[in-house]
Amino acid sequence: MTRTQQHRKLDKAFQRSHPFQGWRRAVNRDTTSSSMASAAMSSNKKELEALPIVDAGEVRELMSSGHHYLDVRLGKDFDKAHADGARNISYYLSVTPSGKEKNPHFVDEVASLFGKDEHLIVACNTGVRSRLATKDLLDAGFKNVRNLKGGYQSFLRSESQQPAAHQQ
């Protein structure tokens, strides 16, 4: 028996006596797919960070020049308070501690109100949900869509910082 044959025989005997080795290979495969998923999430995060944004201080001026304010919060939150002239189309149908249910008709509902060339300022409460909505709209072919950085909360803060003559 050659040395290579002896090594193979020992390897097979070792594998039979140590069945966890197969488990280790499975873990390595899971780790690889997990790192691939992590890389995909990282890529998606970079895409979201690269979206066009607008600062809260610019919103009123843009709205007076024809930009539309699209509020993507839930209807009940929109009904409590919203920017003057804002239109509401919820990005999520529900938000609960157990999860979020995305509105499957979101893009179609936006398209029924606005043309793909119209200028939209997309906002939620803090700017997270509106980033996702902005990406979906851009992916659907809307050309002039910008996310309100910091969302409605930043809009309110900027409103309180406006000189009294400019407040509405």
Side-chain angles (χ1 to χ4, degrees), residues 29-168:
R29 271 195 306 271
D30 288 347
T31 308
T32 302
S33 63
S34 173
S35 62
M36 288 172 32
S38 178
M41 286 183 355
S42 175
S43 171
N44 193 28
K45 184 177 178 183
K46 287 178 185 175
E47 285 179 30
L48 289 175
E49 289 172 355
L51 291 173
I53 60 169
V54 61
D55 287 320
E58 303 172 75
V59 172
R60 262 177 223 73
E61 185 178 325
L62 291 172
M63 287 177 68
S64 67
S65 70
H67 286 62
H68 302 281
Y69 188 113
L70 175 62
D71 192 317
V72 298
R73 296 177 297 159
L74 295 174
K76 65 181 183 175
D77 297 325
F78 179 82
D79 291 342
K80 289 177 187 173
H82 57 267
D84 289 339
R87 300 292 299 265
N88 177 240
I89 299 175
S90 298
Y91 186 72
Y92 291 121
L93 295 177
S94 67
V95 177
T96 64
S98 61
K100 300 170 185 167
E101 181 184 357
K102 185 178 172 188
N103 178 356
H105 306 291
F106 172 74
V107 171
D108 294 332
E109 290 177 21
V110 173
S112 72
L113 286 179
F114 304 107
K116 292 193 175 188
D117 289 327
E118 291 189 64
H119 293 269
L120 301 177
I121 300 165
V122 183
C124 60
N125 195 44
T126 60
V128 176
R129 181 181 333 186
S130 58
R131 283 174 34 189
L132 299 171
T134 299
K135 182 178 182 331
D136 284 0
L137 292 171
L138 289 169
D139 289 348
F142 285 82
K143 295 172 181 57
N144 301 303
V145 182
R146 296 199 288 180
N147 180 49
L148 174 56
K149 183 179 178 182
Y152 182 64
Q153 292 302 314
S154 69
F155 178 77
L156 289 176
R157 284 190 300 276
S158 76
E159 188 174 64
S160 68
Q161 294 172 0
Q162 295 289 325
H166 289 89
Q167 287 186 353
Q168 295 178 350

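Just so you know, residue 1 is the first one in the sequence shown, and it goes up from there.
- Within the 4.5 Å cutoff, the side chain of N125 has no heavy atoms near those of the D77 side chain.
- Taken from NE2 in H105 to CG in L93, the straight-line distance is 8.0 Å, to the nearest 0.5 Å.
- Distance check: T126 OG1 to K149 NZ gives 13.0 Å after rounding to the nearest 0.5 Å.
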Practice item. Before giving the answer on side chain to side chain contact (heavy atoms under 4.5 Å, CB included), spell out for V59 and L148 the whole-Å C-alpha distance, their side-chain angles and the decisive distance to 0.1 Å. Key: CA-CA 8 Å; V59 172; L148 174 56; 3.5 Å; yes
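- Across all their heavy atoms, C124 and S130 have their closest contact at SG-N, 3.3 Å.
- Between the side chain of T96 and the backbone N or O of G99 there is at least one donor-acceptor pair closer than 3.5 Å.
- Residues S90 and N103 bring no donor and acceptor atom of their side chains to less than 3.5 Å of each other.
- Distance check: K116 NZ to L138 CG gives 11.0 Å after rounding to the nearest 0.5 Å.
- Between F78 and A86 the shortest heavy-atom distance is CZ-O, 3.6 Å.
- For the pair L132/Y92, a side-chain contact is recorded, criterion being any heavy-atom separation below 4.5 Å from C-beta on.
- How far CG of L74 is from CG of N88: 8.5 Å, rounded to the nearest 0.5 Å.
- The neighbour count for K100 NZ, taken as heavy atoms of other residues, nucleotides or ligands under 6.0 Å away, does not exceed 12.
- Every pair passing salt bridge (Lys or Arg N to Asp or Glu O under 4.0 Å) that includes a residue from residues 61-76 is listed here, sequence neighbours excluded: D71-R73.
- Ion pairing of K102 with D136 is present here, as a side-chain N (NZ or NE/NH1/NH2) and a carboxylate O approach within less than 4.0 Å.
- Taking the six-membered ring wherever Trp is involved, the centroid distance between the rings of F155 and Y69 falls below 6.0 Å.
- In this structure, the separation between NZ on K80 and OH on Y152 is 12.0 Å, given to the nearest 0.5 Å.
- When all heavy atoms of G127 and N147 are compared, the closest pair comes out as O-ND2, 3.7 Å.
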Practice item. Would you sort out whether F142 and E118 count as a side chain to side chain contact (heavy atoms under 4.5 Å, CB included), showing the intermediate values? Key: CA-CA 8 Å; F142 285 82; E118 291 189 64; over 6 Å; no
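- Scanning both residues, R129 and V72, for their nearest heavy atoms gives CD-O, 3.6 Å.
- With sequence neighbours excluded, the residues forming a side chain to side chain contact (heavy atoms under 4.5 Å, CB included) with H67 are L62, S65, H119, I121, R146, listed by chain and number.
- N144 contributes atom CG, which lies 8.0 Å from atom CG of L120 (distance to the nearest 0.5 angstrom).
- Taking the six-membered ring where the residue is Trp, the centroids of F114 and H68 are separated by under 6.0 Å.
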